[in-house]
Amino acid sequence: MRRLRRLGFLTIGLFDPAAPAAGHEETLRIIELGEELGFDSAWLRHRHLQYGISSPIAVMAAATQRTSRIELGTAVTPLGLENPFRLAEDLGTVDVLSDRGRGGRINPGVSVGPPMNYDALKEHLYPDTHDVEDFTYTRVERLLHNLEGKPVSTFEGTRGIETFSRSIQPHSPGLRDRVWYGGSSTRSVTWAAEHGLNLLTSSVIDAEGEDFAQIQRAQIDLFRSLHPAGEAARVSQGLVVIPTDSATPEQKQKYETYAAARLPRTREPQQLGPHKRAYFAPDLVGSSEQLAEQLSNHAGFQAVDEVAFALPFTFGHDDYVQILTDIATRLGPMLGWSPGRAGS
């Protein structure tokens with residue numbers, strides 16, 4: 001098993017629609033806490049038309065001004081709702097803002113496919129082109145082209161007093177190498193490897209076998225076998241992991257009830273669309289000793305040295321503080337991790 005080298009966490013950033021500022025502020029405070037605890041990365045989910053973070057890049061921009069070391073990522077940005085031209089501009093800008101003399105800290109995680117509930121919003125999202133929009137991997141290729149600083153315009157030079165570039169500005173060298181693909185199938189893992197991307201694998205995976213952990217391990221092994229970097233190719237795993245070491249009795253009960261309510265969906269493949277059946281991984285709840293043993297026996301975890309443990313969506317701020325503190329001070333070290341070692 002690989003030593004855990006990078007430790008991150010993932011949050012959805014829920015908020016009260018009657019007072020959205022408070023929820024966003026809590027998310028920023030959680031990211032600040034993550035840096036204080038030595039986490040290597042904080043990741044934000046994209047939640048469109050929901051009461052969660054709809055604009056992770058804007059939140060990351062704010063976070064860059066309140067932190068100096070922790071890396072910031074999206075897990076993941078569904079590109080079906082994005083213009084790769086404008087997205088590249090925003091990502092480049094925030095990466096430059098995040099530099100602080102150490103290099104960029106932004107990790108764009110992306111995926112493709114038609115947007116969720118597309119039929120309900122397509123005429124507003126793409127009023128003139130909704131029937132011909134390309135939601136394939138081509139959308140990622142356009143984003144990569146832009147982040148690499150390749151030309152997007154045939155004109156370069158000065159007109160009047162304004163100077164124009166042929167490529168997206170600002171260009172942040174190294175940002176393209178920090179692009180991750182959120183893959184759950186053999187097909188997506190293969191594509192990501194062949195295009196030299198990093199791989200985000202999570203608690204949801206296509207039903208391409210009988211056992212979640214074995215399917216995930218097979219995909220990770222396939223990814224590295226096809227990636228130009230081979231065994232050094234970066235893979236991050238994201239499971240829901242909830243240590244209870246310092247939790248109150250009330251918190252423990254809440255966590256166990258939460259996990260138990262979600263357990264039935266893990267017992268057989270779930271139909272997520274007309275052509276997609278997937279397995280969900282069980283949420284892991286217990287002492288750090290128990291969690292370390294469970295993870296050590298997990299075939300997928302055995303193949304990674306980076307994780308972004310997902311925070312449960314519906315918990316409170318105090319719960320997240322307790323969970324992150326236990327992960328950083330107890331569970332992480334049991335898995336071989338040391339705080340503040342990003343890039344080591």
Side-chain angles (χ1 to χ4, degrees), residues 4 7-16 23 26-27 30 34 43-45 47 50-53 75 116 182 184 200-217 236-273 276-302 304 307-332 334-335:
L4 186 62
L7 177 62
F9 65 91
L10 168 67
T11 180
I12 193 175
L14 284 182
F15 59 84
D16 180 347
E26 283 194 353
T27 296
I30 284 296
W43 300 76
L44 305 177
R45 283 196 187 276
R47 278 297 183 263
Q50 299 181 47
Y51 305 116
I53 296 172
M116 188 178 295
S184 64
L200 288 170
T201 181
S202 70
S203 58
V204 184
I205 206 156
D206 282 22
E208 299 177 337
E210 300 296 329
D211 178 77
F212 178 97
Q214 293 299 331
I215 298 169
Q216 189 171 70
R217 177 58 181 267
S236 179
Q237 183 196 50
L239 301 177
V240 177
V241 176
I242 310 173
T244 59
D245 303 276
S246 66
T248 65
E250 293 76 18
Q251 286 175 318
K252 288 182 181 179
Q253 183 61 52
K254 179 198 295 187
Y255 303 163
E256 291 168 358
T257 300
Y258 174 87
R262 286 157 49 99
L263 187 59
R265 69 176 187 165
T266 70
R267 293 178 176 139
E268 59 185 11
Q270 303 296 303
Q271 199 72 39
L272 300 186
K276 184 178 179 67
R277 295 172 72 248
Y279 279 111
F280 286 83
D283 302 331
L284 304 182
V285 181
S287 69
S288 288
E289 289 85 355
Q290 292 170 325
L291 296 176
E293 182 178 0
Q294 289 176 291
L295 288 167
S296 297
N297 292 325
H298 190 289
F301 180 83
Q302 292 169 359
V304 302
V307 295
F309 291 141
L311 294 174
F313 294 167
T314 57
F315 289 2
H317 183 76
D318 290 345
D319 302 326
Y320 296 145
V321 170
Q322 176 266 312
I323 292 168
L324 290 178
T325 301
D326 282 356
I327 289 175
T329 62
R330 305 191 187 196
L331 177 59
M334 289 182 185
L335 298 172

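FYI, the numbering just counts along the sequence from 1.
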Review point. CD of Gln216 to CG of Leu239: how many Å apart, nearest 0.5 Å?
Key: 6.0 Å
Check your understanding: After noting the C-alpha distance and the side-chain angles of Phe280 and Arg262, does the key distance pass the side-chain contact (heavy atoms from CB on, under 4.5 Å) rule?
Key -> CA-CA 9 Å; Phe280 286 83; Arg262 286 157 49 99; over 6 Å; no
Exercise for review: Please round to the nearest 0.5 Å and tell me the distance separating atom CD of Glu289 and atom CG of Asp245.
Suggested key: 6.0 Å
Practice item. Count the heavy atoms of every other residue, nucleotide or ligand shown that sit under 6.0 Å from CE of Met334, and state whether that count exceeds 12. Key: yes
Check your understanding: Can you tell me how far CE of Met116 sits from CD of Gln50, rounded to the nearest 0.5 angstrom?
Key -> 6.5 Å
Review point. Nearest heavy-atom pair of Ser202 and Phe212: which atoms, and what distance?
Key: O-CZ, 3.3 Å
Practice item. Step through the shown structure and confirm whether more than 12 heavy atoms of other residues, nucleotides or ligands are within 6.0 Å of CD on Gln271. Key: yes
Study note, to complete from the structure: Taking every heavy atom of Ala260 against every heavy atom of Pro264, the minimum-distance pair comes out as O-CD, 3.4 Å
Exercise for review: List the steps, then state whether side-chain contact (heavy atoms from CB on, under 4.5 Å) holds for Ile12 with Ile53.
Suggested key: CA-CA 6 Å; Ile12 193 175; Ile53 296 172; over 6 Å; no
**Study point:** Leu10 side chain reached by Leu311 side chain, heavy atoms, under 4.5 Å
**Key:** no
Point to revise | side chain to side chain contact (heavy atoms under 4.5 Å, CB included) partners for Gln322, two or more places apart | key: Ser246, Ala247, Gln251, Tyr255, Asp326
Review point. Is it true that Phe9 and Tyr320 have ring centroids separated by less than 6.0 Å?
Key: no
Exercise for review: Take atom CZ of Phe313 as the centre, draw a 6.0 Å sphere, and report whether it contains more than 12 heavy atoms from other residues, nucleotides or ligands.
Suggested key: yes
Practice item. Could you grab the distance from atom CZ of Phe301 to atom OG1 of Thr201, nearest 0.5 Å is fine? Key: 13.0 Å
Review point. Can you find a pair of side-chain heavy atoms, one from Glu268 and one from Gln270, that are under 4.5 Å apart?
Key: yes
Practice item. Give, for atom CG of Asp211 and atom CD1 of Ile205, the distance between the pair rounded to the nearest 0.5 Å. Key: 10.5 Å
Check your understanding: Can you name the nearest heavy-atom pair linking Thr266 to Leu263, along with the distance?
Key -> OG1-O, 2.6 Å
Exercise for review: Compare every heavy atom of Ala75 with every heavy atom of Leu200, then report the nearest pair and how far apart it is.
Suggested key: CD1-CB, 4.1 Å
Point to revise | Minimal non-hydrogen separation, Trp43 against Ala308, with atom names | key: CD1-CB, 3.7 Å
**Study point:** Working for side-chain contact (heavy atoms from CB on, under 4.5 Å), residues Leu7 and Phe309
**Key:** CA-CA 8 Å; Leu7 177 62; Phe309 291 141; 4.0 Å; yes
Point to revise | OG1-CZ distance between Thr244 and Arg330, expressed to the nearest 0.5 angstrom | key: 9.5 Å
Review point. Under the ring-ring contact (aromatic ring centres under 6.0 Å, His included) test, which residues partner Tyr279, sequence neighbours left out?
Key: none
Check your understanding: Under the side-chain hydrogen bond (donor to acceptor under 3.5 Å, both in side chains) test, which residues partner Lys276, sequence neighbours left out?
Key -> Ser184, Asp206
Exercise for review: For side-chain contact (heavy atoms from CB on, under 4.5 Å), just list the numbers for Asp319 and Tyr258, CA-CA rounded to whole Å, side-chain angles, deciding distance to a tenth of an Å, and then say yes or no.
Suggested key: CA-CA 13 Å; Asp319 302 326; Tyr258 174 87; over 6 Å; no
Exercise for review: Determine the minimum heavy-atom distance between Ile323 and Val241, stating which atoms define it.
Suggested key: CG2-O, 4.1 Å
